Structure formats: C-alpha cells, structure tokens
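A short worksheet on the structure shown next.
On a predicted model such as this, the values are computed, not experimentally measured, just so you know. Quick note: numbers below take in every heavy atom, side chains included, and nothing from hydrogens, waters or symmetry partners. Remember, it's 1-based here, ligands and their atoms both numbered in the order they're listed.
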Amino acid sequence: MRILIVDDEPAMRDSYRRSFAGPRSSTGEALDAMAVELFGNDALGDDAPPGPDANASAFALTYCDQGLDAVAAVERALAEGAPFTVAFIDVRMPPGIDGRETARRIRALDPEINLVIVTGFSDFSPIEISKVAGPADKIFYIAKPFEVAEILQTATALAQRWQNDRDLAAARDLLAAQVVQLEEQAAELAANESRAIHLAMHDSLTDAPNRLAFLRALAARTRSEGLFATVMIDLDRFKLVNDTLGHLAGDALIREICAILNRSTPDGALVARLGGDEFGILFDTSSEAAAVMACELIVAACSVTLQVFGNSVQGGASAGVVVTAGAGAGTVTGGSDPVDVIRRSDLALNDAKRGGRGIVRLFDESMDEGIRFRRRVEGGLSQAIARGELSLAYQPIVSRDAIEVVGFEALVRWNTSEYGLMSPATFIPIAEESNLIHELGDWVLHEALDVLKQWPGQYVSVNFSPRQFRRHNFVGHIMESVQRAGIAPARLQIEITETAIFDDAERAAETLYKLRQMGFRIALDDFGTGYSSLYNIRKFALDCLKIDKSFIDGMGRERESAAIVHSIIHLGRALGLGVIAEGVETEAQVQALRLAGASHLQGYYFSRPVGADDALAMAQGRILSGKDDVSNDDPTIRQTFGLRS
Ligand code: C2E
Ligand code: CA
Ligand code: CA
C-alpha cells in the first residue's frame with residue numbers, strides 16, 4: 001500500500017517516519033538518523049528511490065517536501081499502475097503551491113486517492129478544501145501536532161478502505177460487464193428468434209411468405225366471411241431457363257416474377273412462393289368472374305420479356321383459381337377445407353397447363369380426379385354385366401360346434417378392363433349412388449342362387465345395400481327370384497347393414513317381418529360399427545348378427561374390442577340370435593370366440609373367398625379351402641374337412 005507524505009518541514013517528515021516505524025531494531029533507527037544527517041531527507045526516500053520504505057512493512061512510503069513534487073509523484077504512480085492509497089498533505093509549504101492547491105491537483109489526477117489534510121491552524125475551512133478536492137468522504141483532517149499512533153491508524157484505515165473500494169469497484173465493473181453481456185445475448189436471442197420465425201414463414205430466395213405461411217393465411221381466411229380466390233401460379237418454360245441458363249438465372253427469374261406478382265395482384269392480396277416455380281395467391285373477390293379477370297391481369301403482367309443475366313427471357317405463367325366462401329356463407333364451389341381448396345386450385349392449374357401457356361382456369365367439378373374416377377367406374381359398371389366382367393367369390397361360414405360349413409357369403413368381384421380387379425369396397429358405394437346397384441344386385445342374387453343349387457344344403461348369404469333394401473316391393477322381388485330359381489327361401493340369407501334399417505325403422509321392421517315370415521334368413525352385417533344398440537334391434541326380425549371384423553381384429557390387442565365382442569355375443573344369444581364372427585384370421589381368435597360363445601365363424605383362417613368350383617368342393621365336405629395359404633392347424637378342423645397333416 002503506497003502512502004504519499006507531503007510536508008516541507010524535515011521534522012514533520014521525521015514524525016511521519018516514526019509513526020510508520022513500528023517496533024524495529026535500534027540499529028536501523030540509528031542508521032536512518034545517520035543517513036538523514038549525512039544526506040538530508042532525500043536519503044530516506046523523498047519520493048525516490050521508489051520501493052517500500054524501510055520503516056514500514058505494510059506500507060511503501062514516499063516523501064515530498066513540495067506540492068508540485070507530490071503532484072508529479074501521483075502522476076508517476078498512476079502511470080506505473082501502482083497508485084497511492086493515501087496522501088498526507090501539509091497545508092503550508094512555501095515557496096511552492098499550498099496544500100489546498102496540491103490536494104486539488106492530486107484529486108484531478110486520481111479520483112480514488114484518500115487525502116488527509118494536516119493543518120496546524122485553520123488556514124482553510126474543510127469545506128473549502130472539499131470544494132476543490134472532494135468528494136468529502138475522501139478528504140480527512142488531522143490537526144498538528146499529531147499523535148504518532150494517529151497517523152498509522154489513519155493510514156491503515158484509509159488504505160484498507162481504498163483497497164475495499166477498489167475491490168468493490170472491480171466487482172461492480174465485472175457485474176456491469178456481465179449485465180451488458182447478458183443484455184447483448186438476450187438481444188441476440190430475440191433477434192435470432194424473430195429471424196427463425198421469419199425464416200420459417202418466408203421463402204429465402206424471394207423473401208415472400210412460403211407454403212406454411214400460405215396455408216396458415218388460407219386457413220384463417222376460410223374461417224372468416226365472404227368470397228375469396230385461391231390461385232395457383234406456375235411459370236411457363238421455367239425448366240427451360242433453368243436447364244439452359246443455369247440455376248442462378250432460374251433464381252433471378254423467380255425473383256423477377258415474384259416482384260411482378262406483387263405488383264399485379266389486387267390490393268391486400270397475399271403472394272406466397274410455394275416452392276420451385278410455383279406461387280400461391282390469396283385475395284378477396286366479389287365473384288368467380290371478377291377473380292378470373294384479376295388472374296388474367298396477373299398472367300398478362302407475367303407475360304413480358306425479362307433480362308436475366310444479360311439474356312432475354314420470355315416470362316409467362318399459368319393460373320388455376322378456385323373461388324370459395326369463408327365460413328358463414330354458402331360456398332360457391334365445394335367446401336372450404338383449406339387442403340381441399342388447395343387441391344382444387346391445383347386441379348384448375350393442371351388443367352390450365354394442359355391447355356397451353358399463359359392460361360387461366362377456374363376450377364370446376366369435371367377437373368376433379370375423384371369425380372372423374374366415379375364417372376368412369378359408373379360407365380364401366382353399366383357394361384360390366386354384358387361384358388361378363390362380374391363374378392362371385394364364396395366364403396364359407398363355419399359353425400362353432402360341429403365345425404361344418406353351414407353357408408357361404410357371396411362376394412362380388414369385378415375384373416375391370418381399365419383398372420384390373422377392383423375391390424367391391426370401391427365400386428359398390430359408386431353403384432349405390434346411382435341406380436346401377438339394382439342391376440348389379442340382381443345379377444349377384446341370380447348368380448348366387450344358381451350356384452347354390454349344386455350345394456348339398458348350405459345357404460348363401462347375399463349382401464344387399466341400403467338402397468336395394470329400400471327399393472319398392474323388395475320382398476316381392478326377392479320372393480320372385482327364389483321361386484324362379486326353385487330354391488327354398490330358408491337357403492337365402494339376406495345381409496343388410498344397420499344404416500339400411502335405421503333410416504326408416506318402421507318400414508324396415510315391416511319388410512324384415514315379411515321376409516322372415518316367408519322363411520328367409522336375415523343377418524345384420526357389420527354389427528357394432530353403426531349407431532344401433534342391441535336394445536333397438538329387438539323389434540327387428542333377425543336371425544343373426546355379424547360382428548364386424550374390426551372388433552375381431554382388435555380382440556387380441558384392446559380390452560375394449562374384446563369386451564364389445566363378449567357383450568354382443570352374450571346379448572345376441574339372450575335375444576335368441578345367432579352370432580357370426582367375421583374376419584377370423586388366427587387360431588387364437590377361434591379359441592377366444594368359441595369360448596365367448598359365437599355360434600358361427602367366418603374368415604381367412606378357414607378360407608378366403610373362393611370361386612364357385614372350390615366352394616362346391618367345400619360344400620360337399622371334401623376340402624375346406626381351395627387354397628393352400630390357409631393356416632389351418634386345428635386338428636378337429638382338419639379331421640372334419642379331411643385335411644391331411
Ligand atoms: P362385408 O360384407 O363386410 O364382407 C366381408 C369382407 O371381408 C369381404 O371383403 C371379405 O373378403 C373380407 N374378409 C373375409 N374374411 C376376412 C378375414 O379373415 N380378414 C380380412 N381382413 N378380411 C376378410 P370384400 O369381398 O372386399 O367385400 C367388401 C365389402 O363389399 C363387403 O363387406 C360388402 O359390404 C361389399 N360387398 C361385397 N359383395 C357385395 C354384393 O354383392 N352386394 C353388395 N351390396 N355389397 C357387396
Ligand atoms: Ca357381408
Ligand atoms: Ca361385414
């Protein structure tokens with residue numbers, strides 16, 4: 001700890017020396033005294049030589065006898081990075097500057113130093129000195145003559161305080177630096193976040209909103225009222241530019257077009273780059289005609305010659321547009337599901353592209369692949385019978401106890417010229433929506449009854465769609481069919497679904513009653529998938545329930561399915577109904593269903609649906625399945641059907 005002592009009187013400086021001397025050898029003191037006598041005060045280090053004063057262990061003392069020397073010493077100490085902690089300053093030091101001026105100049109150099117003004121009489125009031133060399137808490141006063149102990153005590157206390165202040169200031173600076181750093185980091189994070197959000201919602205090439213942003217905006221728009229247009233734009237010849245002039249040229253073209261789109265769209269429109277050379281535009285409109293007109297302006301604006309890297313490139317775009325009404329109003333075309341809106345404007349765009357370049361197309365139903373597919377299926381179905389493309393597959397229904405084939409479900413197959421073998425799950429619903437279902441159903445019924453004649457006693461189970469069931473004079477029609485085929489009604493099982501009977505329950509109940517009276521078997525198909533409860537079906541004349549295969553499938557996995565299967569079987573039996581479990585595929589299912597009390601089983605485990613010849617063989621008890629891929633490990637079944645291990 002460096003201490004500066006400024007006093008012009010040698011005697012005073014001696015007093016200081018004594019103050020800092022502490023307990024030490026008399027030799028040292030004698031030597032000091034000798035040195036002073038020989039060389040004057042300088043010998044004991046008035047300022048120079050620097051380094052610790054021999055008199056103090058904790059303090060390094062520097063003595064000056066003039067104010068200006070002291071100021072110079074402070075300046076030097078600061079420059080060396082070893083500042084004084086305390087300066088004791090005499091007030092009167094002729095001929096140089098006085099103590100007050102010395103204090104003022106030192107303070108100007110070093111704001112941290114503690115100043116102790118040592119004064120014999122009140123030359124200056126403390127306030128006067130504080131005024132020029134403040135702050136007040138760094139200026140102290142000691143009256144001359146002072147006690148030796150007083151100086152050491154003051155020096156120790158002030159030096160300690162100086163050190164504490166310094167440590168504190170360092171800690172404060174560190175803290176302040178950390179706060180600044182944290183603030184910088186926070187600012188950077190915030191910037192990163194908004195950059196990330198921007199990046200996630202914008203296309204990096206054009207800085208336009210991207211597909212995600214477009215989808216969000218569209219979803220929001222569909223929820224508010226009024227007509228709006230969703231436009232898909234695709235650049236003409238873009239691939240050509242990319243391939244011949246390079247990707248950079250392609251990028252430049254995309255940016256140019258994006259700017260053109262932004263200029264040429266109606267006010268308030270959203271222009272998004274969806275990817276590649278595809279753009280999406282969203283704007284409010286008053287009508288389909290107005291939307292098409294706006295699109296034509298956009299397409300025309302794109303049809304300009306652009307300069308791309310010194311090459312002239314002919315711009316051009318095609319557009320597909322669909323006009324939709326947001327929630328709350330009637331829709332113009334289709335619904336307002338955002339995904340469907342995009343799908344339809346894409347269809348319109350495809351149509352535009354097929355038509356050539358620079359074309360605008362408004363979506364209409366005929367563009368919809370789904371709709372077109374239906375039309376084609378309808379067209380094909382109407383000729384399927386005449387062309388002999390329909391056939392029936394038969395799947396055995398097996399009794400639980402006797403393990404015998406009691407009947408076969410007839411399942412229609414259509415080998416289409418256009419699509420190959422098509423699932424009835426695809427074409428039956430289409431036939432159901434047109435009148436074709438009647439023609440198709442009649443064919444199935446006649447074919448099934450015809451094949452049935454060869455079987456020793458089994459019934460055939462034929463599926464009837466709701467529309468067939470509700471047809472005028474359904475009962476008479478069926479009766480006539482079996483009579484013509486010469487078949488007993490008991491050998492025809494009519495499979496209907498819940499939807500067929502619950503839409504007009506009263507009439508359905510009557511129809512079923514009549515059919516049952518005549519001896520037909522009636523099965524409620526896909527049971528469990530609809531809304532009917534077992535309580536509701538009491539009033540219908542039924543023979544059995546077919547538990548939907550989704551429950552059989554879920555039995556091994558979900559408690560819920562197993563519970564549903566059990567309760568259907570239980571209550572079905574209580575109502576005196578047979579219960580057929582369909583979609584039985586595994587040995588484990590067979591065991592579980594037998595245990596639960598299902599009366600009949602049907603599924604791949606026993607046999608897949610097979611052709612008429614194989615069905616006949618099964619009916620005659622020769623084999624269970626015409627196919628070898630049936631996993632059939634049950635010895636009882638093997639025995640019954642004469643299967644060899
Ligand atoms: P469905 O009446 O529920 O017929 C059972 C369906 O499950 C058949 O499909 C059958 O092949 C299949 N299946 C049988 N066992 C299993 C099995 O163990 N596992 C699995 N995963 N599936 C099995 P298919 O032949 O494709 O018939 C589909 C649907 O088409 C039928 O469902 C029925 O609703 C309808 N359908 C079929 N033929 C006709 C018909 O002649 N007229 C009417 N109206 N509808 C029919
Ligand atoms: Ca069925
Ligand atoms: Ca079924």
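Numbered from 1 in the order shown, with element, the atoms of ligand 1 that lie under 4.0 Å from a heavy atom of Q468 read 44 (N). For ligand 1, the atoms lying closer than 4.0 Å to a non-hydrogen atom of P609 are 11 (O). For ligand 1, the atoms lying closer than 4.0 Å to a non-hydrogen atom of E582 are 3 (O). Close contacts of ligand 1 with S465, meaning ligand atoms under 4.0 Å from a residue heavy atom, involve 44 (N). Numbered from 1 in the order shown, with element, the atoms of ligand 1 that lie under 4.0 Å from a heavy atom of V444 read 41 (O). Listed by number with element, the atoms of ligand 1 under 4.0 angstrom from any heavy atom of E409 are 2 (O), 4 (O). For ligand 1, the atoms sitting less than 4.0 Å from at least one non-hydrogen atom of D526 are 3 (O), numbered in the order shown with element in parentheses. When each atom of ligand 1 is checked for a heavy atom of E585 under 4.0 Å away, the hits are 17 (C), 18 (O), 19 (N), 20 (C), 21 (N).
Considering backbone and side-chain atoms alike, Y604 places an N or O below 3.5 Å from some N or O of ligand 1. Residue-to-ligand polar distances place D525 within reach of ligand 1: an N/O pair is separated by less than 3.5 Å.
Looking at L601, D548, V584, V412 and measuring to atom 40 (C) of ligand 1, the nearest heavy atom belongs to V412. Summarising the contacts of atom 36 (N) of ligand 1 with P424, S550, A448, the nearest heavy atom is found in P424. Between atom 25 (O) of ligand 1 and the options R413, E447, Q589, the minimum heavy-atom separation is to R413.
In summary, E409 places an N/O/S atom under 3.0 Å from the Ca ion (ligand 2), meeting the contact criterion.
The name of the N, O or S atom in D525 nearest to the Ca ion (ligand 2) is OD2.
The pair R521-D543 does not meet the salt-bridge criterion, since no charged nitrogen lies less than 4.0 angstrom from a carboxylate oxygen.
Contacts classified as ring pair (Phe, Tyr, Trp, His ring centres under 6.0 Å) and involving residues 563-595 (residues at least two apart or in different chains) are not found.
Judged by the 6.0 Å and 45° rule, R491 forms no cation-pi pair with Y459. Taking the centre and axis of the six-membered ring of Y604, the NZ or CZ atom of R608 falls inside the cone set by 45° and 6.0 Å.
Remark: side-chain polar atoms of D236 are paired, donor with acceptor, to backbone N or O of G358 under 3.5 angstrom. Side chain of R507 to backbone of R470: a donor-acceptor contact under 3.5 angstrom is found. In this structure, Q493 contributes its side chain and F520 its backbone to no donor-acceptor pair below 3.5 Å.
Neither the backbone nor the side chain of Q602 comes within contact range of ligand 1; no heavy atom lies under 4.0 Å.
The side-chain heavy atoms of F228 and T285, taken from C-beta on, include no pair separated by under 4.5 Å.
Among the candidates R343, R374, R375, the single residue satisfying the salt bridge (charged side-chain N to carboxylate O under 4.0 Å, His left out) test with D368 is R343.
Applying the salt bridge (Lys or Arg N to Asp or Glu O under 4.0 Å) test to E506 and every residue at least two apart in sequence or in another chain returns nothing.
Rounding to the nearest 10°, we obtain 80° for the angle at the Ca ion (ligand 2) between E495 OE1 and N463 OD1.
E495 and S461 are linked by a side-chain donor-acceptor pair at a separation below 3.5 angstrom, with hydrogens and angles left out of the test.
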